Amino acid sequence: MLTTNMWAFFIVLAYTGLRISEAAGLQWDDIDFDARTINVNKQIYGTSVLKYSFIPPKNEQSERIVSSGDTVAKALGLLQEWQKDERLSAKSTIRNAGNLRVTRSNP
């Protein structure tokens, strides 16, 4: 079954051309819903969902602002709502709540 977080991840990849590590490294502060842009300023690097870090993009040209459009904005808006609902239903603080968290993780 395609979950909300994975669906949003695929939409971001398909509509923006981001590398997987760049899309996985996005945080909510990188998204400008009004301007419909994504600030690509880091990527995720790690060996597991619990052991990761953020590193600079592949090269200097990889650090950029990408237009995202309405489809991506809608997908990310739904992801943001899904995360809020998930946090409320868990009644606890989720680790790294600022991340888009497109992959499964333990709170």
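Computed from a predicted structure; not experimentally measured. Note that the numbering runs from 1 along the sequence shown for the chain.
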*Show your reasoning for whether side-chain contact (heavy atoms from CB on, under 4.5 Å) applies to L76 and W28.*
CA-CA 9 Å; L76 291 176; W28 289 114; 4.2 Å; yes
*Nearest heavy-atom pair of I11 and A75: which atoms, and what distance?*
CG2-CB, 3.7 Å
_Return the CG to CD distance between D85 and Q80, rounded to the nearest 0.5 Å._
11.5 Å
*Could you tell me which non-hydrogen atom of L26 sits nearest to which non-hydrogen atom of N39, and how far apart they are?*
CD2-O, 4.1 Å
*Do F10 and W82 belong together in a cluster built from hydrophobic side chains that touch within less than 4.5 Å?*
yes
*Might you point out which heavy atoms bring P57 and S62 nearest each other, and give the distance in Å?*
CB-CB, 3.5 Å
*Can you find a side-chain donor-acceptor pair between N41 and D30 that sits under 3.5 Å?*
yes
_I20, CD1 atom: more than 12 neighbouring heavy atoms under 6.0 Å_ = no
_Spacing of R36 atom CZ and D70 atom CG [to the nearest 0.5 Å]_ = 4.5 Å
*Applying the 4.5 Å side-chain criterion to the ILVMFWY set and letting contacts propagate, would I65 and F54 be lumped into a single cluster?*
no
_Verify same cluster id: M6, I38 (apolar side-chain graph, 4.5 Å)_ = yes
_Check this for me: Y45, atom OH, are more than 12 non-hydrogen atoms of other residues, nucleotides or ligands nearer than 6.0 Å?_
no
*Rounded to the nearest 0.5 Å, how far apart are CG of D32 and OG of S68?*
8.5 Å
_Smallest separation among heavy atoms of L18 and L13, with atom names_ = O-CD2, 3.4 Å
*asked:* A side-chain contact here means heavy atoms from C-beta on lying under 4.5 Å apart; do L79 and W7 qualify?
replied: no
*Cluster link L2 to Y15, ILVMFWY, side chain under 4.5 Å*: yes
*Which pairs, with at least one residue in residues 54-68 and sequence neighbours excluded, count as a salt bridge (charged side-chain N to carboxylate O under 4.0 Å, His left out)?*
E22-R64
*State which residues pass salt bridge (Lys or Arg N to Asp or Glu O under 4.0 Å) with D34; sequence neighbours excluded, sorted by chain then number.*
none
